Peer 1: 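My structure is below; once you've seen it, I'll send some questions.
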Amino acid sequence: MKRRRFLSHATASAGLLAAAPIVSAQESRPSKAAPFKLKYAPHPRMFKHSAGPDVIDQIKFAHDQGFRAWEDNRLGSAEPAQQEKVGKTLHELGMTMGVFVAYANFDAPTFAVKKEDVWEGVLDQVKKAVEVAKRVGAKWTTVVPGAVHQQFKDDEKWSKYGGGRLAPGFQTANVIELLKRCAAILEPSGLVMVLEPLNWHTNHGGAFLSRSDQAYALCKAVESPSCKILFDIYHQQITEGNLISNIDNCWDEIAYFQAGDSPGRKEPGTGEINYRNVFRHLHAKSVETKRNFVIGMEHGNSKPGPEGEQAVIQAYRRSDDF
């Protein structure tokens, strides 16, 4: 599932865990599965057939299946009353709110070229994210720092960013400057913007930020507790592979993870990534370093309907069995 689509629209035995029942929205939720070892975070509509169309019911359903986190890229565009309702539900269930998107641009060099009017628009979105976070109890918000500045075609879309191509070093310096301005807004509230490297091959050709080492360097340069990495395992498998080593190399700057198998961007077990080994490593390293990460389930379901939703749940049970 493409990111654009997202923006627009334990003590029981392994056998018992695998057999954990699904509870429909019409039932009284009598059975509750054991929590997962890691904080996997479903998103709205992932369980809509089993829980019904209401997001609050979907959150409650996810909790009953053992999930202890939730994420919603589009939550920032919801009405404040709905945001507060989501935050209240998560608090009552003891669930962690994962990321929502503060700012994302995939096509224009909004960070790479210094245009004060454009930058003011970015900063306004970051300011709004602080208020959203207060309503939903969020600690992290996603920022996608635009596209690279390239040799542009003669059209209105690119004209305000100038012709030619700004040298990469100047682009990076501009990105760092704007990230520092964003961090200054976020730091008083404790909200952390997480920068997500995106793959060029399949989903987001031309994104400024594509590699984990690049994200690491940006965070070191910004030098703020409010600027960290969102390590999306799906994107980084496509871009660079070598997942566990790169996670270790970036560890002190990572604040959040997302998952999705490759190819296809569906649940674990539908592609080539050995998620059981990756999750085992994350769990062990988290215990060792006394850190507790949310892993957003930013992917689609490989099968339709309630059977597909059951397949997602069981895929995480298998991958969490280590």
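If you're wondering where the values come from, they're calculated on a predicted model, not measured in any experiment.
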Peer 1: Check the pair Val132 / Arg135 against side chain to side chain contact (heavy atoms under 4.5 Å, CB included), numbers first and verdict last.
Peer 2: CA-CA 5 Å; Val132 174; Arg135 298 185 194 110; 4.0 Å; yes

Peer 1: Quick one, Lys88 with Glu92, criterion salt bridge (Lys or Arg N to Asp or Glu O under 4.0 Å). Give me CA distance, side-chain angles, the key distance, then yes/no.
Peer 2: CA-CA 6 Å; Lys88 181 175 183 290; Glu92 290 174 347; 2.5 Å; yes

Peer 1: Kindly write out the residues that satisfy salt bridge (charged side-chain N to carboxylate O under 4.0 Å, His left out) with Lys180, not counting sequence neighbours, or none if the list is empty.
Peer 2: none

Peer 1: Can you list everything that forms a salt bridge (charged side-chain N to carboxylate O under 4.0 Å, His left out) with Lys48? Sequence neighbours excluded, please.
Peer 2: none

Peer 1: Taking atom NZ of Lys303 as the centre, does the number of heavy atoms from other residues, nucleotides or ligands within less than 6.0 Å exceed 12?
Peer 2: no

Peer 1: Could Arg211 and Trp200 be counted as a cation-pi pair, given that NZ or CZ must be under 6.0 Å from the ring centre and within 45° of the axis?
Peer 2: no

Peer 1: Tell me the closest heavy-atom pair linking Gly260 and Ile273, and the distance in Å.
Peer 2: O-CD1, 3.8 Å

Peer 1: Does Phe100 offer a backbone N or O that forms a donor-acceptor pair with the side chain of Thr141 under 3.5 Å?
Peer 2: yes

Peer 1: Just so I know, are the side chains of Glu272 and Gln237 near enough to count as touching, which here means a heavy-atom distance under 4.5 Å?
Peer 2: yes

Peer 1: I'd like to check Asn301 versus Lys266 (side-chain heavy atoms, cut-off strictly below 4.5 Å). Are they in contact?
Peer 2: no

Peer 1: In a check of side-chain contact (heavy atoms from CB on, under 4.5 Å) between Gln258 and each of Ile233, Val194, Leu230, which one passes?
Peer 2: Leu230

Peer 1: Would you check if the distance from the ring center of Trp251 to the ring center of Phe231 is below 6.0 Å?
Peer 2: no

Peer 1: Going by distance alone, is a donor N or O of one side chain under 3.5 Å from an acceptor N or O of the other, for Asn73 and Glu298?
Peer 2: yes

Peer 1: Under the side chain to side chain contact (heavy atoms under 4.5 Å, CB included) rule, what do Ile59 and Lys85 come out as? Steps first, then yes or no, please.
Peer 2: CA-CA 11 Å; Ile59 292 172; Lys85 193 173 181 181; over 6 Å; no

Peer 1: Using 4.0 Å as the upper bound for N to carboxylate O, is an ion pair formed by Glu177 and Arg181?
Peer 2: yes

Peer 1: Please report the closest heavy-atom contact between Ser286 and Phe293, naming both atoms and the distance.
Peer 2: OG-CD1, 3.5 Å

Peer 1: Using the ring-ring contact (aromatic ring centres under 6.0 Å, His included) criterion, which residues pair with Phe279? Sequence neighbours excluded.
Peer 2: Tyr40, Tyr275

Peer 1: Does His149 use its side chain to pair, donor to acceptor, with the backbone of Leu166 at less than 3.5 Å?
Peer 2: yes

Peer 1: Determine whether a donor-acceptor pair (N or O, by modelled atom type, separation under 3.5 Å) exists between the side chain of Gln58 and the backbone of Pro53.
Peer 2: yes

Peer 1: How many angstroms lie between atom CD of Glu84 and atom OG1 of Thr89, to the nearest 0.5 angstrom?
Peer 2: 11.5 Å

Peer 1: Run Asn105 and Phe111 through side chain to side chain contact (heavy atoms under 4.5 Å, CB included) and show every step you take.
Peer 2: CA-CA 9 Å; Asn105 189 301; Phe111 277 63; over 6 Å; no

Peer 1: Applying salt bridge (charged side-chain N to carboxylate O under 4.0 Å, His left out), can you list everything that pairs with Glu131, at least two apart in sequence or on another chain?
Peer 2: Lys134

Peer 1: If you compare all heavy atoms of Ile229 against all heavy atoms of Ser212, which two are closest, and at what distance to 0.1 Å?
Peer 2: CD1-O, 4.3 Å

Peer 1: Nearest 0.5 Å, please: how far is CG in Asn274 from CG in Leu243?
Peer 2: 10.0 Å

Peer 1: Verify, without hydrogens or angle tests, whether Arg68 (side chain) and His63 (backbone) share a donor-acceptor contact under 3.5 angstrom.
Peer 2: yes

Peer 1: Would you kindly check if the NZ (Lys) or CZ (Arg) of Lys228 is within the cone defined by 45 degrees around the ring axis of Tyr256 and under 6.0 Å from the six-membered ring centre?
Peer 2: no

Peer 1: May I ask you to say whether Arg265 pairs ionically with Asp232, meaning some side-chain N is under 4.0 Å from a carboxylate O?
Peer 2: yes

Peer 1: Is there a side-chain contact between Met193 and Tyr103 (heavy atoms, below 4.5 Å)?
Peer 2: no

Peer 1: Would you say the side chain of Arg318 lies within less than 4.5 Å of the side chain of Asp321, judging by non-hydrogen atoms?
Peer 2: no

Peer 1: Please check this pair: side chain of Trp70 against backbone of Val86, looking for a donor-acceptor N/O pair closer than 3.5 Å.
Peer 2: no

Peer 1: Scan Leu209, Thr172, Leu195 and name whichever one has a side-chain contact (heavy atoms from CB on, under 4.5 Å) with Gln214.
Peer 2: Leu209

Peer 1: Do Leu198 and Val144 touch side chain to side chain, with heavy atoms closer than 4.5 Å?
Peer 2: yes

Peer 1: Students often mix this up, so state it plainly: with edges at 30° and 60°, are the rings of His43 and His299 parallel, tilted or perpendicular?
Peer 2: perpendicular

Peer 1: Please work out whether the ring planes of Tyr316 and Phe67 are parallel, tilted or perpendicular, with thresholds of 30° and 60°.
Peer 2: perpendicular

Peer 1: How many angstroms lie between atom CD1 of Ile295 and atom CZ of Phe257, to the nearest 0.5 angstrom?
Peer 2: 7.0 Å

Peer 1: For Gly98 and Ala138, which heavy atoms make the closest approach, and how far apart are they?
Peer 2: O-CB, 4.1 Å

Peer 1: Rounded to the nearest 0.5 Å, how far apart are CD of Glu309 and CD of Gln65?
Peer 2: 10.0 Å

Peer 1: Between Phe208 and Pro109, is any pair of side-chain heavy atoms under 4.5 Å apart?
Peer 2: no

Peer 1: If we check side chain to side chain donor-acceptor pair (under 3.5 Å) with Tyr216, which of these qualifies: Asn249, Asn246, Asp252?
Peer 2: Asp252

Peer 1: Please name all residues satisfying ring-ring contact (aromatic ring centres under 6.0 Å, His included) with His281, sequence neighbours left out, ordered by chain then number.
Peer 2: none

Peer 1: Answer yes or no: is there a side-chain heavy-atom contact under 4.5 Å between Val55 and Gln82?
Peer 2: yes

Peer 1: Side chain to side chain contact (heavy atoms under 4.5 Å, CB included), that's the test. Do Cys182 and Val122 meet it? Break it down for me.
Peer 2: CA-CA 8 Å; Cys182 293; Val122 173; 4.2 Å; yes

Peer 1: Which atoms form the tightest heavy-atom contact between Cys227 and Cys219, and what is the distance?
Peer 2: O-SG, 3.5 Å

Peer 1: Quick check: closest heavy atoms across Val294 and Ala69, and the distance to 0.1 Å?
Peer 2: CG1-CB, 4.0 Å

Peer 1: For the CD atom on Glu223, are there more than 12 heavy atoms of other groups (residues, nucleotides or ligands in this structure) within a distance under 6.0 Å?
Peer 2: no

Peer 1: Taking atom NZ of Lys127 and atom CG of Leu186, what is their separation to the nearest 0.5 Å?
Peer 2: 11.0 Å

Peer 1: Please check: side-chain N/O of Asp261 versus main-chain N/O of Thr270, any donor-acceptor pairing under 3.5 Å?
Peer 2: yes

Peer 1: Does the side chain of Gln314 pick up a donor-acceptor pair with the side chain of Glu267 at under 3.5 Å?
Peer 2: no

Peer 1: Quick one: list whatever passes salt bridge (charged side-chain N to carboxylate O under 4.0 Å, His left out) with Arg276, sequence neighbours left out.
Peer 2: none

Peer 1: Is any side-chain heavy atom of Met46 closer than 4.5 Å to one of Met297?
Peer 2: yes

Peer 1: Do the side chain of Asn199 and the main chain of Asn203 share a donor and acceptor less than 3.5 angstrom apart?
Peer 2: yes

Peer 1: Please report the interatomic distance CG(Asn174) to OG1(Thr110), rounded to the nearest 0.5 Å.
Peer 2: 11.0 Å

